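Since this is a predicted model, take the numbers as computed values, not measurements. These values consider heavy atoms only, across backbone and side chains, with no hydrogens, waters or symmetry-generated copies.
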Amino acid sequence: MSDKKNALLKRDNMWFVLLFKRQLMRPFLWVIALFMALSVMAIHYVTAPDANNKKVLLYYESGAESAQSYGADLISNLITASDKKDTIFDFDLADSYEELIEAVTSGSSECGFVLAADFDERVARLDTDELIEYVESNYTTKGEVAKETVFSEFFKIYGKILIDSERLEIFGTDDEELTEFLHDEYDRLLAGDEVFNADYQTVEGIRATADEKKMQSVRGLVMILITMALLLNGSEKFYGTASAVSKALPFRERTRFEILLYIAGVIVPAAVGFVLIRILDPSVGMIPDIILFVIFTFVAVMWTYLFGKLMNNGISYMAWILTLLISQLVLCPVWQDVADYVPSLKFVSYLFPAGAYLRIIGLLF
Amino acid sequence: MKKGYLLQYIRIEYKRMLSSFGQMLISILLMSVIIGIGTAGIGFVMTHLADYEKVTVAMVLPEGEEGSTLKSLSSLIQMQESVSDIANFTYLSEEDARKGIKDGSIQAAIILGDTFINDIMTGINTPAIVLLPAKTELNTDVFHEEVRNGISLIRTGEAGIYAVTDTWINGYSMVISRSDMENLLTDLFTINALDRNSVINDTSVSAFGESSIMQYYIASGFALILLFFGLIFGNMYAGNDITVRKKLRVNGIGPVTAGIVRLLVMTTFIFGISIIAISILMIYTNAAGISAGIYFETQVILGLLLLSFSLSGFFHFIYSLSDIEAQNAMILILVAILMAFSSGCIFPMAFLPDVFQKIGMFMPLRIWRVGISQILFSYLESGNWMLLLAIGIIFGTGGIICQIRKMHS
C-alpha cells in the first residue's frame, strides 16, 4: 500500500517539475509577473484624498523679490505658526502656481492660497478686493477654516495699516516718532494678554471616535492579482495543451493534475507578490506573514480551480476574469471598506480569497 | 466579386455574431450588471473619500436678557460657512456640558459668563472659557482652530484701539475725542473683518474635470462595459479561421473587404449595446429620481456611432494579433486592466503617479471615457471627435495589415 502511495507521490513530483518547467518557459507568465509588479507599485503611490489632510499650500509670485513685504510677512507668519503648532494646518510654500493647482486637484493638499501679484501695492492702497485666491477641490473639508486662519493672520498685518490710515485724522500729525510708538504698542498688545482671550480648559474624558483603520492596500492588490493570474492560467482548461493531458486521466488523478497545474502557474506571481509586500508594507512579522501568505495562496488556488469547474464556455470564462477583478477591488477592503457603508457586504467579501485574507490580517494584527 | 456574394457574407457575419451573442447573453448581462455595480461602488467610495464628521459644540450662556442676546449672536456665527462646515451647536448648562465632554457626546463647549457683554462694553477682558477634551482628535482640533481664529480677529481690533489709546496716554494729543476715536476704529475694524469674503475669492478645481463624480463614473462604467463587450467578438475570429479566409479570398473577399465588414458588424453591435445601456441608465435614473441629464439627441446618436466605430477598430486590431483566440482574449484583458487603471476609470488620473498619468494620456480608453462623458453630458468637442475617428481608422487599418500578413504567412 505504502509502495503505491510512494509511486503516486513520485509521479506527482514529476508532474509538478515538468509543469513548472513548462510554465517558466511561457513568456506569458513573466508578462503577468511584470504587470503585477508595475501595477502594485503604481497603486502604492496613488495619492488618495484624506479627510485628515492638513497640508495647505501658499504661493506668492513676487514673494522672493523683497524681504520686507506684506505678502512675504503673511507667508512667513503662517509657516512659523505651523512650525510652532499655533495652527493645526501645515502651511507650506509652493514653487509654482501649477504645482499648487496640481496638489489641490490630486488631494495631496487640502487647499491652497495664492496671493495676488500686486499684493503689497494693493494692501498699501487699502484695496483688498480679491486679494487672495483660495483654491479648493471636491475633497476639501476644512478649507473654510483654513480661510479663516489665513484671514486672521492677514488681519493682524492689515490692522497696522488700518490704524495708520486714520492716524492723521486722530492725531492730526504725521510724526515719525508717534508712528513708531503706535506700531510698537500694537505689536506688544497683539502678542500679550491685555487684549481679549479665551481660557482653554481641558476635561478628562473618553475619546468619542478614535480607531483609524489601516488599509492593507498592497497586500490586497497582490492577492487580487494572484487570483487573476490563476484565473488567466486556468483558461488552459479551454484552450491549452495541458487540458488534453488532463482529459486523458481518470477523475481522481485529473483533479490532482489540474491542481498541480494551478500551483505550478502561481509560484512565480506569488513570489513576486510576496517580495512586493515585504518591500512596500513590512508591517506584519516575517514568519506569520509567510504562513498566512502561503495558506491564502493555496486558498486562491482551490478557489480558482472550483471556479473553473463551474464554467464551460471559454469566452464567458474570460469575461468573468475582468468582472471578478472589478468586484474584488470594490468588495474587498483594499482602499476603502465598503462594509462601513453596507455592513452586509462584509460577508460577501469573505467569499473572495483576497477579502478573507485582508479581513483575517485585520483581525490578527 | 459578385455583389450578391458580399451581401451574403455580411449576412453570415451578422448571423455568426448574433448566435454567439445569444449563447452568452445571460453571462454577458450578469457581468455588465456587476461591472455597473462595481463602478457605481467605486464612485460611491470616491464620493465619501473625504467625509468629514462635524463636532458637536455646547454653548453655555447666561440666563435672562444677556443670554438671549448672546444666543442670537451665536446663531449668526453658526451661519458662517466656516463654522457650519465643521460644527453643530447645542445649548446646555455648564454642568451638562462638562458631563457631555466626559462621556464623549459633545466635543467642545464655550462658556460665556453672566457679565460677558457688559465686560466687553467696558473694556474688561474676561476671557471666554473654552472646554475641550484632554485627548482631542482632529475634528475637535479644527474647531479649536476656528475659535482661535475668531478670537484673533477680536484681539486684532482691540490691539488697534488700545495702541492708539496708549499712544494718547503717553503724551501724544488727539484731535478728536477718545470716544470718537473708539467709534471710528471699531467701525473700521468691524467692517474690514466682516468683509473678509471679498478679500478671498474662491477657485474650485476637480480631479473629475468638469463633470460631477457621478457623471464621471457613469462615463467610466460605460466605457468599461463597452470595452468588456469586446470579449464576445472573439468568436468572429475563432479557430481555424485562416482556411475559411483563403477560400473567401478566392471569391473576392480579401482581408480588406472582410476587415471592413467585421468593423461594420462590430460597430452595429456596440452601437446597439450602448443604446440599450443608455436606455437602462435613463430608466434607472428616472426611477431613482436622480437627474443625470441624459437625453437622446442627434448628437448623442452620431457620437455613439463614432465611438462604436472607434472601439471596433481597436477590437479588430487586438483579435488580428495572434492566431490563438485565447491569447488575443488574454491580451485584451490585460490591456483592458492596464487601461482601466491608467486612464482614470478607477482612480481619477490626477491621483496617479506621474508616469502613469503620462501613459494614460495616450490610452484609447481615456479618449473613449472623455468621449462618452461629452456625448452624454455636454457635447463632443471637435478635437475628441477627430481622436475617436483616428483611433478607429488607425487600429482598424493595423488589424487589416495583420490579417494580410497572416494570409501571406
Are any of the side-chain nitrogens in Lys147(A) or Asp202(B) under 4.0 Å away from the carboxylate oxygens of its partner?
yes
Is the backbone of Glu194(A) close enough, under 3.5 Å, to the side chain of Arg155(B) for a donor and an acceptor to pair up by distance?
no
Does Tyr162(B) use its side chain to pair, donor to acceptor, with the backbone of Leu190(A) at less than 3.5 Å?
no
For [X], which atoms come within 4.5 Å of any heavy atom of chain A: side chain, backbone, both, or neither?
X	value
Ile86(B)	side chain
Met181(B)	side chain
Leu338(B)	both
Ile213(B)	side chain
Met349(B)	neither
Phe341(B)	side chain
Phe44(B)	side chain
Phe189(B)	both
Ser173(B)	backbone
Leu185(B)	side chain
Ala193(B)	both
Asn170(B)	side chain
Leu224(B)	side chain
Leu184(B)	side chain

Quick one: do Ile337(B) and Met228(A) satisfy side chain to side chain contact (heavy atoms under 4.5 Å, CB included)? Show the steps, please.
CA-CA 11 Å; Ile337(B) 294 166; Met228(A) 194 192 79; 3.1 Å; yes
Go through it in stages, so that I can follow the logic: the residues are Phe151(A) and Leu153(B), the test is side chain to side chain contact (heavy atoms under 4.5 Å, CB included), and I'd like the CA-CA distance, side-chain angles, deciding distance and then a yes or no.
CA-CA 9 Å; Phe151(A) 183 79; Leu153(B) 294 184; 3.9 Å; yes
Tell me the closest heavy-atom pair linking Asp166(B) and Phe181(A), and the distance in Å.
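Between these two residues, the closest heavy atoms are O-CE2, 4.0 Å.
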All heavy atoms of Phe356(B) vs all of Leu38(A), minimum pair found to be CZ-O, 4.1 Å
Against chain A, work out which of Thr47(B), Val130(B), Ile110(B) has the most heavy-atom pairs shorter than 4.5 Å and name it.
Val130(B)
Please evaluate residues Val164(B) and Ile163(A) with respect to the criterion side chain to side chain contact (heavy atoms under 4.5 Å, CB included), reporting the C-alpha separation (whole Å), side-chain torsions for both, the decisive distance (0.1 Å), and the verdict.
CA-CA 8 Å; Val164(B) 173; Ile163(A) 46 174; 4.2 Å; yes
